[in-house]
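Below is one structure, written out as structure tokens; comments come after it.
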Amino acid sequence: MKLSRSLAAATASLMLVAACSSSSSHPKAGSAQTLTWWSMWNKGEPQQVALQQVANDFMAAYPNIKVNITWGGRDILTKVRSSLLSKNPPDLVDKDADEMGAAIINTGQALPLDDVLNTTIYGETGTVGQAIPKAYLDQFNVSGHQYLIPSEVITAGFWYNQKLFDQAGVSAPTTWDGFLSLIQTLKSKGIVPLASDNENFFNIYYFTYLAERILGNGVLDKIAGDKSGAGWDNPGVLKAAQAVQQLVAAKPFESQYDGSKWPAAEDDWARGKSAMLMLGSWAPSETSKFASPGFAYRMFNFPTVSNATNGVEAYLVGYSIPKSAKNPDAAKKFIAFALSKKELQGTVTTAQTMVPRTDVAPPPALADAAALLKSGAPLTRLNDGLLYDYPGWWATVLLPLDDDLFYGKITADQFVAKLKQQSISYWKTHTS
Amino acid sequence: MIRAQNRLVAAFIAPALFIYLVFFVVPTIGTVVLSLFNWSGPGTPLHYTGLANYRGIVHDPVYHKSFQNTMITLIVLGAVVFTLSFLLALALYKLPGRRLLRAVIFFPNVVPPVALSVVWVFLLTPEFGLVNHALHAVGLGALAKPWLSPSLVFPSILAAMAWVQTGFFTILLLSGIERIPDSYFEAAELEGASEFQRFRYVTLPMMWDVFSIAVVIWIIAAIKTFDFIYVLAGVGGDPPPNVWTLAVHMFIVSFSGRTPIYTVGYGSAIAVTMILIVLVSVTIARRVLRREALYY
């Protein structure tokens, strides 16, 4: 028995020596590794094309690491969570930061990436922590530990067709009253003011933005978490709902907008059939193939309602590593590689997106969006953080009621009364 | 001899029984146990909450709506599907070239539901959808509607599902009709029985076993309705709760589509209620449809 073990050990040692000697011809080579990466992008999407190039460049730079990518689409975290049960998770995951937070960071399944912040970016002299603005990193710094490294930055606002604005003789508004007046002017010129795609998470932009503008950053999130429901009596909530009601009453959308199916309305907007589109900064990337020749992408921030501070939404997409990943070191190397200026610039060009490094120029179509992020205005969370903090309440209480308000089925008063009553009822039987 | 035969039977049954126990019975027991806990999934602690998840279901308006949608699918859509299937089966039975027609009718069942749902989105979209275009073309433009709007999307989904399911049940019922000897129909015809009387007193009783099996298959399929809803009403994200069925509700609150809810215990409680609904519905259907077997 002892003899056979010794033989096995000797054979293994010989094999190891042989493996090392055969790969030692390359200066950067070590033992061969496979980096398993599950991505939120689908094959054929611009981001997928860009990230495949990053992976190819990474494999060229680290020939001993093979990157095995699954382009899993937006439901990738469902698969990641299942893989955690079977103790066979990927080494690297990319996804919207809020969803990643709820799926693996809040549940203690993510590896702290503090050491990645101190890692020198491939081919550069600075570290990851120095290259990425602190405001972005802080969003996923939990109890002093970093669990997500951002790779893409998204903001949202009203995208507008400059040609139609010029035709109507209007310019981008800064106040809610100015916005409503702009809608009337566009309508009087026979132009459909707003595109809407009948998706509840696009519809909710209006209420959450208005509430954030009226109540202030983070107040709606606090109200939602108040299980007594008392916060819904805040007059600002009703004022925000009334503003949505006022908008819907102005009939700014294309006819039969409630039957539209994404992405029909946003494609129509790019074709010049409507003047404005409330959407995230992925709008140019998503609509460019439908845009009329010479279409200039312009954007303005959601208007101010009261005198409250007008924040700018910063929503991140980023990388996390599951705690039980088998090759975390390879994943960390990849992150430090993918955040190099050269690779991020490639992503910006191919995917028409914004990245978290301020020294990487945004694509021309996102110049307005990038200027907003750089304006120094306070950064706000997507939907004031509601989706991340109270996902069950968000999906089963807020979104259905907001749809009723948005489609004119209930008034602002009814909306607030129902929201209060259903929220109290929800929190009696749910914990998240 | 009998003992040897029993051993042989046991040997043949054992693999299937083992697979059934491991992949069906054990997970079902696990689901019942999980339904008594508050659990957010892998890596999070399990908190025993007794029947709290079931109490939550009783007071949850979204569950009530999901249950209502599931029952509408089961009963209303079931009635439509079986009526259409019987009519088509009776029509096909007599038609020459029915093999080809049978293949055409069955065709939607071989296409993945996700692909079919996308096709239906194109049919029903207000601006360039074929349905509204066709209505305008034949002068019925006033009937053109936003079929995918919140108030119409669920009936639209049911219409699409009726189109898919009718083919399957037509073939199933047709197989029951085809095995009835022609002599019975000829005798009824000679006796002067009308078309309806032949159906009522010959066709239906003699294919009753096939019909009752079809009903059971329908009950299980209807209560599990998921893919059509998920795709047709949720291209850009999760479908809105007003169109959720119990299966969609269970999936979204347990595993998340785009919304990271992860209330696995609550989702398990919904799954348990689905099992109970299937058991009760199948038991009622079997009792109502029980007839003495006819041999011919």
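In what follows, every chain begins at residue 1, and chains take the letters A, B, ... in the order their sequences are listed.
Counting only N and O atoms by type, the side chains of Tyr407(A) and Asn203(A) include a donor and acceptor under 3.5 Å apart. No donor-acceptor contact under 3.5 angstrom links the side chains of Tyr315(A) and Asp98(A), judged on distance only. Remark: the Asp94(A) side chain and the Ser39(A) side chain contain an N/O donor-acceptor pair separated by less than 3.5 Å. For the residue pair Trp244(B)/Asp238(B), the side-chain donor-acceptor check at 3.5 Å is not satisfied.
Contacts of Asp60(B) with chain A are made by side-chain atoms alone, with heavy-atom separations under 4.5 Å and no backbone atom involved. Proximity to chain B involves both the backbone and the side chain of Thr396(A), based on heavy atoms less than 4.5 angstrom apart. With a threshold of 4.5 angstrom between heavy atoms, Asp268(A) approaches chain B through side-chain atoms but not through N, CA, C or O. For Lys428(A), no part sits under 4.5 Å from any heavy atom of chain B, backbone or side chain. Residue contact with chain A, scored on non-hydrogen atoms closer than 4.5 Å, involves the backbone of Lys145(B) exclusively. When heavy atoms are compared at a cutoff of 4.5 Å, Lys409(A) approaches chain B solely by way of its side chain, counted from C-beta outward. Heavy atoms closer than 4.5 Å to chain B are found in the side chain of Trp394(A), but not in its backbone. Contact annotation for Asn38(B): only side-chain heavy atoms (C-beta onward) come within less than 4.5 Å of a heavy atom of chain A. Only the side chain of Asp96(A) comes within contact range of chain B, judged by heavy atoms closer than 4.5 Å. For Lys87(A), no part lies near chain B; criterion is any non-hydrogen pair under 4.5 Å. Looking at Leu85(A), both its backbone and its side chain come within 4.5 Å of chain B, counting heavy atoms on both sides.
For the atom pair CE of Met250(B) and NZ of Lys224(B), the computed distance is 10.5 Å after rounding to the nearest 0.5 Å.
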Tyr388(A) and Asn106(A): side chain to side chain donor-acceptor pair (under 3.5 Å), yes or no, with the steps? CA-CA 10 Å; Tyr388(A) 176 56; Asn106(A) 281 0; 3.0 Å; yes
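Scanning both residues, Asn53(B) and Leu34(B), for their nearest heavy atoms gives ND2-O, 4.4 Å.
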